[in-house]
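Everything below concerns the one structure shown next.
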Amino acid sequence: MNKTFDPKEFETKLYDKWKEKKYFSAHVNKDKKPFTIMMPPPNITGQLHIGHALTMTVQDSIIRYKRMRGYETLWLPGTDHASIATEVKIVDKMAEEGLTKEQVGREEFLRRAFEWKDKYGGRIIEQLGRLGASCDWDRLAFTMDKKLTRAVREAFVRYYEKGWIYHGARIVNLCPHCKTAISDAEVEYETEEGHLWHIRYPAADGSEGIVVATTRPETLLGDMAVAVNPKDKRYTSLVGKMLILPLTDRQIPVIADEYVDKSFGSGAVKITPAHDPNDFEVGLRHNLEVMRVMDDTGHMNELAGKYAGMDRYEARDAMVKDLEALGLLVKTEVHMHNVGHCHRCKSAIEPIVSKQWFVKMKELAQPAIDAVKNRDIKYVPRRFEKNYLYWMENIRDWCISRQLWWGHRIPVFYCDKCGGEFVSREDIKTCPTCGAPVRQDEDVLDTWFSSALWPFSTLGWPEKTPDLEYFYPTDVLVTAYDIITFWVARMIYSGLEFIKEKPFDTVLIHGLVRDELGRKLSKSLGNGIDPLEIIDEAGADVLRISLISGVSAGGDIKYSDKKQESFRNFMNKIWNAARFVLMNVGETEILPIEKVRLTLADKWIITRLNRTITEVTKYMERYEVGLAANKLYDFIWSEFCDWYIELSKVSLYSSDEKKKQYTISVLVRVLSDILKLAHPIIPFITAEIYQNIPAEAREAEDIMISAYPDPKALKSHPKDARAMEMVMDAIRAVRALRAETGVKPSRRTELYVHVSPAADGIIKKAGEYLVKLASGTTVTETESKPDGCTAIVTTLGEIYIPMGELMDYDKELERLGGELENARSELERAQGKLANEKFVAKAPKALVESEKEKVAKFTDRISALEAKIAEIKAAAGK
RNA sequence: GGAGGCAUAGCUCAGUUGGUUAGAGCGUUUGCUUGACAUGCAAGAGGUCGCAGGUUCGAGUCCUGCUGUCUCCACCA
């Protein structure tokens, strides 16, 4: 083995081997319990980014853990066609060639899109391999595969036939530049300075009418009413009267609606159902007509009279000027407001009415609400339930049509001859009623329509496949909190609707990866972190553990070079600990632990190992991968390396061959358990080391198919472990005394111990450790303090060290003074508690007892310290 | 505007159902070529757990209010 950890040597080699051996493949196997994770499909537009690296690491860790626990594990990978994001990229690329999608036509455009998918969709898959993802590549899916397309079509038809899909008008976000409607999520709001124009609408009877305030005067031409609050006394008498719409000869009514805020502007609102979502709702309530005065490119249309053909802002200026000339412009105020912008091209969004396809949500939502409320589906951490429920309980119908080409085309066909409208599972060419040629709806479905079916469409639905039967419902869905509403919610109601069973048992939410200042990572900030660069530089294991370590579910992660470096060091530590163990193995035959005569140190490390297995397992079962990683870090570094390896040297460097063989056997056993425990999180380094472990100590040909450690496999020895800890406490105390009193490390001394009753017999078993690790030459049991010795109190007993001239008296006095102060305040605290009658009466007995013990302990310590201080002062001649 | 999260050492974060002297990593101080590792070892310093109340024998942990901060939702003419 190399002296330092070098992941390049083995990561790719191991991954190729795993793939070749088909360790990732899942099979329907009735003898085993299935455990399934559906990978949230990355967009084909993307490279693997740090957020993917996080979510994939969590999933891979869980799936590897469950595989080692004996489950038939399926982690199903795939990619998403990402309708709008991909289309925009393809359009941009074509623009470089001077082409538009209209020029090349739909067919050619789709050809290019699939070409794109083949080229870039594969890239992210490769990158997942670099990370170590153990997903079943034989089941790789894509949201526009034949199989999944069929599922999409089936779902659409079933909704349609149930009457849950309808074609209706609604206000959408129009991007006049991209010439398409975009979803609410793709709108970015920014606070901008605008104007609030107060415009008088005269009454038809010649009286003065009402002043309305608006930020978009150009929509005035589509006004169908003016609304006031029904409780607003100023306007009560006007409700029901007619007003003259300025710049036109139309008359519009004054209506009363709760939506109007009396205190804003003039308290009267112009209602333009075709150009504002709220106005649209008001219009529905009051049966107003919808009159659209702008086209899809942001220009005024033929209904705009003399303004027809003008750009929206041009028309705005012209109309303000005209209103002013007519004396109808009462005043203009500067006004700060939020304006939506297209997140791709940044132009201002125009809310505009258009015909879209919708899914009715009310009946779909209810079971999905119930499933979470009754804990059939569990969110981890639980607080995200609230987000979900709030959204679901206020859900609006789902607009599923997009004016794009890349996606699942809406399977609705129209017959222009007889006016028929048909939905069909298969493409049809002619009208089933009259035989005339039909045309298909031009729009495609929202990307999330196919993602919503992901947990079962990937398993073969609508067929009743053995996969679907065996692997569904899946176990855990892992995702960041930002797509709970887009995606998680939609999978839940889709699963409940089509399969009549929840799509997953648990939703595990993790946070977002941020930079060291806590900012979101973004291209524009230039603080992006490229996971592949990190893999190249430090290895996949380092990236994985740096991302997840120490983070509990739901929290954001700050990534920094420092963090990465410290985990690189940790990998190196594991590597070198393994190197130490394996170097010492040589030709030694490794014995099963049952045949080893265990030392006190062996019993201690085995006891600690069992405890660690229990805790790590507990965290893994709760999907707290980050906390499991922390536990392992502590155990491996502080207990195995810093203590056990050092303790083991006592036997390894002795001349007793049997003793050596025993210790090596324990070292190998603990090491291999450590590797297995850590393998789900850091698969590569653990697999590489495992291959180097002597064959007789390996149970499987590869660590990833070995069994996860069982805390009951080896017997714990709690009493001996406590005894060992007394020795360790003594070692620490001696080291601290020497360091603080300035004794040269190379200067070894005799050690004398007045063993405490609880530690009877320990020196015989463990005195060697004390000598070796506490800079001793010999250790001797004694009843009283030899002359010229300094005493320290430890759980093992009192230890006497002949320091004499070695000691720096001032330093020692200072140290003792601090200790004395500390002991006094502890004593005071304990006495205070015991003086409180209520505490003694109500607190658990054990606690009261321990406080009493504390009083005794600190009383003793104080008198010992005082004696020592006096003694040193005397010795120093002060 | 509505909802939620977070606030613990200089920095990044753990802290189980309330119960010994609140932990880790990084940084920092001192010492060390100790036969795996200086990507290391040993020893130390560093915290009135955001502020103000409350419940309790006992609060970092539970409740209320406040402040700061972040996120999501809405987008009021």
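Just so we're on the same page: letters track the sequence lines, and every chain starts at 1.
The interatomic distance linking A:Phe384 (CZ) with B:G5 (P) rounds to 10 Å, in whole Å. The separation between A:Tyr390 atom OH and B:A74 atom C1' is 7 Å, rounded to whole Å. Atom CG in A:Asp634 sits roughly 10 Å away from atom C1' in B:A14 (whole-Å rounding). The separation between A:Ile509 atom CD1 and B:U71 atom P is 18 Å, rounded to whole Å. Distance A:Tyr388 OH to B:C73 C1': 17 Å, rounded to the nearest Å. Distance, A:Arg383 CZ to B:G5 P: 7 Å, rounded to whole Å. Between A:Lys845 atom NZ and B:G58 atom P the separation is 21 Å, expressed in whole Å. Between the P atom of B:A24 and the CG atom of A:Leu632 lies a distance of 18 Å, rounded to the nearest Å.
To the nearest 0.5 Å, atom CZ of residue A:Phe5 and atom CG of residue A:Asp541 are 5.5 Å apart. Residue A:Ile252 holds its CD1 atom at 5.0 Å from CG of A:Leu245, rounded to the nearest 0.5 Å.
B:C66 is paired with B:G50 under the criterion used here, namely a Watson-Crick or G-U wobble arrangement in which both key atom distances are under 3.5 Å. In this structure B:C32 sits in a base pair with B:G40, meeting the Watson-Crick or G-U test at under 3.5 Å. Base pairing of B:G1 is made with B:C73, judged by Watson-Crick or G-U wobble geometry with both donor-acceptor distances under 3.5 Å. Shown here, B:A9 forms no base pair; nothing in the strands shown gives a Watson-Crick or G-U wobble contact with both key distances under 3.5 Å. Pairing for B:G60 is absent, with no Watson-Crick or G-U wobble pair whose two atom distances lie under 3.5 Å. In this structure B:G18 sits in no base pair that meets the Watson-Crick or G-U test at under 3.5 Å.
Taking atom P on both B:C37 and B:G19, the two are 43 Å apart, rounded to the nearest angstrom. The gap from the P atom of B:A9 to that of B:G15 amounts to 15 Å, rounded to the nearest Å. Here, B:A42 and B:U56 have their P atoms 47 Å apart, quoted to the whole Å. B:U17 and B:U61 are spaced 11 Å apart, taking the C1' atom of each and rounding to whole Å. Here, B:C13 and B:U29 have their C1' atoms 23 Å apart, quoted to the whole Å. Between B:A45 and B:G60, the distance separating the two C1' atoms is 23 Å to the nearest Å. B:U71 and B:C63 have their P atoms separated by 25 Å, with the value rounded to a whole Å. For the P atom pair drawn from B:G18 and B:C57, the interatomic distance equals 15 Å after rounding to whole Å.
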Using the side-chain hydrogen bond (donor to acceptor under 3.5 Å, both in side chains) rule, take A:Asp223 and A:Tyr201 through it: C-alpha gap first, then chi angles, then the decisive distance, then the call.
CA-CA 11 Å; A:Asp223 285 3; A:Tyr201 286 27; 2.5 Å; yes
Decide side chain to side chain contact (heavy atoms under 4.5 Å, CB included) for A:Val372 and A:Met392; before the verdict, give the C-alpha distance in whole Å, the side-chain angles of both, and the deciding distance to 0.1 Å.
CA-CA 11 Å; A:Val372 170; A:Met392 288 300 278; over 6 Å; no
Start with the C-alpha distance between A:Asn2 and A:Thr4, add both sets of side-chain angles, then the distance that settles side-chain hydrogen bond (donor to acceptor under 3.5 Å, both in side chains), and finish with yes or no.
CA-CA 5 Å; A:Asn2 284 340; A:Thr4 49; over 6 Å; no
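For A:Glu821, the CD atom counts as loosely surrounded, since its 6.0 Å shell holds 12 or fewer non-hydrogen atoms of other residues, nucleotides or ligands. Annotation: A:Arg170, atom CZ; neighbour count of heavy atoms from other residues, nucleotides and ligands within 6.0 Å is above 12.
Considering only side-chain N and O atoms, A:Lys558 lies under 4.0 angstrom from the phosphate OP1 or OP2 of B:C13. Applying the 4.0 Å criterion to OP1 and OP2 of B:A77, one finds that A:His275 has every side-chain N and O outside that range.
Each of B:U12, B:U21, B:G19 was ranked by its minimum atom distance to the side chain of A:Phe858; first place goes to B:U21.
A:Lys649 forms a cation-pi arrangement with A:Phe580, by the criterion of a distance under 6.0 Å to the ring centre and an angle within 45° of the ring axis.
Within the 4.0 angstrom heavy-atom criterion, no nucleotide atom of any strand lies near A:His198. Nucleic acid contact for A:Asp261: base, since at least one base atom lies under 4.0 Å from a heavy atom of the residue.
Residues A:Arg216 and A:Pro351 approach most closely at NH2-CD, 3.6 Å, considering heavy atoms.
Residue whose closest nucleotide on RNA chain B sits further toward the 5' end, between A:Lys857 and A:Phe486: A:Lys857.
Using cut-offs of 30° and 60° on the angle between ring planes, the pair A:Phe570 and A:Phe567 is perpendicular. The aromatic rings of A:Phe264 and A:His335 sit perpendicular, their planes meeting at an angle over 60°, well past the 30° parallel limit.
Taking the charged nitrogens against the carboxylate oxygens, A:Arg824 and A:Glu828 have no contact shorter than 4.0 Å, which rules out a salt bridge.
Counting heavy atoms from C-beta outward, A:Leu773 and A:Trp643 have side chains that approach closer than 4.5 Å.
Residues from residues 215-224 of chain A with heavy atoms under 4.0 angstrom of RNA chain B, sorted by number: A:Thr215.
A donor atom on one side chain and an acceptor atom on the other are found under 3.5 Å apart for A:Lys270 and A:Thr219.
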Taking protein heavy atoms under 4.0 Å as touching, what does nucleotides 34-47 of chain B look like 5' to 3' if B marks base contact, S marks sugar-phosphate-only contact and - marks none?
-BBBSBSSSSS---
Every protein N/O within reach of nucleotides 54-57 of chain B N/O, cut-off under 3.5 Å:
| from | atom 1 | to | atom 2 | distance (Å) |
| --- | --- | --- | --- | --- |
| B:C57 | OP1 | A:Lys842 | NZ | 2.1 |
| B:C57 | O2' | A:Asn836 | ND2 | 2.9 |

